[in-house]
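Lettering follows sequence order; numbering is per chain, from 1. Keep in mind the model is a prediction, meaning the values are calculated, not measured.
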Amino acid sequence: MPIIDVAVPVPLRQTFSYSSEQLVAVGARVKVPFGRRQLVGVVVASRAEPEHSSENDTPVKLKAIAEVLDNSPLFNTTLIALAQWLSGYYHHPIGEVWATLMPSKLRKGALLSDAQPGWMLSEEGHDPKAIAGLRGKKQQQCLELLNQGPLASDEVKAQFSAAVIKALEDKGLIEATLITHPPAGDWQHFTLQQTPPTASTEQGVAIAAINQQPGQFVPYLLDGVTGSGKTEVYLQVIEPVLRQGRQVLILVPEIGLTPQTVGRFERRFGIAVGVLHSQMTDTARLQVWQQARRGDIGIIIGTRSAIFTPLKSPGMIIVDEEHDESFKQQDGLRYHARDLAVKRAHNEQVPLILGSATPSLESLNNALNKRYTHLTLQHRAGGASHTQLKVLDSRDQPLHAGIAQGLISIMRSHLQQGNQVLVFLNRRGFAPAVLCHHCGQSVDCASCERPFTYHKSQGRLQCHHCGASRRMPTQCGSCHSADLQTSGIGTEQLEQGLGKLFPDIAQVRIDSDAVKGKDKLINRLDEINARKYQLLVGTQILSKGHHFPHVTLVVVLDCDGALFSADFRAAEKLAQLITQLAGRAGRANKPGEMWLQTDNPGHPLLQDLINNGFSHFARQALQERKLAQLPPLSSQAVFRGEANDASQVINFLQQVKQCYGVSADVAHGSFIGPLPCLIEKRQGRFRFMLIMQCQQRAALHSWLKHHLKDVESLPLAAKVRWSLDIDPVDFS
DNA sequence: AGCACGCCGACT
DNA sequence: GTCGGCGTGCTC
């Protein structure tokens, strides 16, 4: 009887064998009995006969698989190869790798069918009187449309609102049905909906370079300042790819995926764009996943996990804003979608474009080493001038709402000219701490031991690490003094202070508290560009992908934290943030300026960035990384552990270190730690990390792999929650 | 990870 | 005398 090896979704670094009536294709899902439960796994190997085991081997009796869920492989060979590579590279259990590759419906065992949901007329709906009897014009039109035959829900939705459909369904005039033969995507025969703008010289060079080598793996770093027209380059290079009937996969950061981004691709080519992001329903997700797999859609644009989308005929992969940290998954299988894109493009033999105005040092290093083709766009489209960067020394200056006196007059002059001003502060809430004025004790979150952030609008304290919330106390927890004062400034307070400083100026705050609703962010951004507000206050969100043509002044209030951070990447992140923010201003012939308020005006990082720009800074930073033997000039992995008992975690990580200690000198590797994570305690558990570092990536990996079994069999490994993070980007 | 089995404390 | 605490061990 055939034997099937199955990757089962459990945190065990092995596969499990089952007997089966017939051979099952590798890459198909099966339902299998596992202990006392039934799980959905993926077939990773299938063989006709049990291997002839030597006589003294104890014969294991295999359980039989319960059900074959896919008649043909659900995943093609490149995705199977990708899963295997993931399991090896990230040292992660293969079953869990497969579980993260699958849309949740498939993970739960949903059967895949070619039928897609649609609407058709019910018996009553066929009655001609039904249409006449309807009041709503839209409902009548919808009914007429369906009178011509059943239609996929997607297409009905494109023309009629959900309310119309619901009304007709409630009246019993239409009913849900399944459409078995979905229209074959005819996307390769599009006609351009708009005449592409003439490419600039730089764009032309980039486009020509990319078009020159189609259908093979060539990685490009498209290093273009904000406003230089990277998206136009994407649009022009994907056109010939689409015309050949080959699909394009575009990855974008979590926050950058706005309808505008999608709209730009739809408008140019007039074809449907498949969208994948975390807020979609499972059904919608699976729908796009299937369309991509069948080849029904030509363009797929999505966030991190979209890198796992199956493609029938891949033609190109693009990672936009490739430096963005949201491409790194921070739990479970800690993959980096950008790195994975490189791997996948290689497997699929298609070109790969990594685009950014502020490339990650990893990608820049690869470009400088000629592993990637370096394409640069240094000029802003339409000749808009670059934003002027300046440092404002806030030492010994009176501060109002956290802003130095000198800056306020600069802001005033910009506002008086009718321009918009953007004030950036990466701290939401009213104040980052509440202190007792009597004993100096801060009000801390019990489970994280970090100060609560005060949110005045809710009158509550919020822990920004674990999300815990409590009422504002009336007295100090340790000395019972009633004299509690807020300390520091968050966006909420900044907004209030600016309201007092500029009472006649319309102001808006953009942070995750203020734009919680579904379309709120998009609406606010539209309002800003319609000049409804003149003063914009906000966090991170403002730095990502949105353009503010009327902003002529950007003010950054909290540079100092990043200048002296324990995280060696903090400077890189700050430089990226500042450069991205600077790119938001000074469009449309309005020269912009940007002021960085700091107590350390002479700091070399700030000076380098201001005087020489990001690309010089980045090259300088790479030199420093080289001297310090830090990534990307070395390779890192981090063991993290957390438990209620801090000493248990430290002991565990010490033991991990000992597991590897013997061969450390051989691999020229070293350890840092165990040391507390930057967020030392979260949700009541103490967190520590052990950093492993090697100059050679391959050495690190073989070293890691060699002793991982020893780590797993440590008694403490069962008591401490631990994880392994390859190529970590965040040490919190 | 689940989910069992298993062996010691406060309850009807 | 039981219900239930979570320690330990296994999953083809």
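To the nearest angstrom, P of dA1(B) lies 10 Å from CH2 of W722(A). When the C1' atom of dC3(B) is taken as reference, atom CD of Q38(A) falls 15 Å away, rounded to whole Å. Atoms CG (L716(A)) and P (dG7(C)) sit 14 Å apart, rounded to a whole Å. One can place CD of E96(A) at 9 Å from P of dG2(B), the figure rounded to the nearest angstrom. Protein atom CG of D5(A) is 14 Å distant from nucleotide atom P of dC12(C), rounded to whole Å. Distance CG (L39(A)) to P (dC12(C)): 9 Å, rounded to an integer number of Å.
For residues 92-111 of chain A, the pairs satisfying salt bridge (Lys or Arg N to Asp or Glu O under 4.0 Å) are K108(A)-D282(A), with sequence neighbours left out.
Toward the 5′ end of DNA chain B lies the nearest nucleotide of R721(A), the other residue of the pair R721(A) and R36(A) mapping further downstream.
The aromatic rings of W289(A) and F75(A) sit perpendicular, their planes meeting at an angle over 60°, well past the 30° parallel limit. The aromatic rings of F731(A) and F568(A) sit tilted relative to each other, their planes meeting at an angle between 30° and 60°. Relative orientation of the F639(A) and W722(A) rings is tilted, given thresholds of 30° and 60° on the angle between their planes.
Remark: R293(A) engages no residue in a salt bridge (charged side-chain N to carboxylate O under 4.0 Å, His left out) (not counting sequence neighbours).
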Filtered N/O pairs between nucleotides 8-11 of chain C and protein, under 3.5 Å:
unit_1	atom_1	unit_2	atom_2	d
dT11(C)	O3'	G35(A)	N	3.0

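Within a 6.0 Å sphere centred on NZ of K328(A), other residues, nucleotides and ligands contribute more than 12 heavy atoms.
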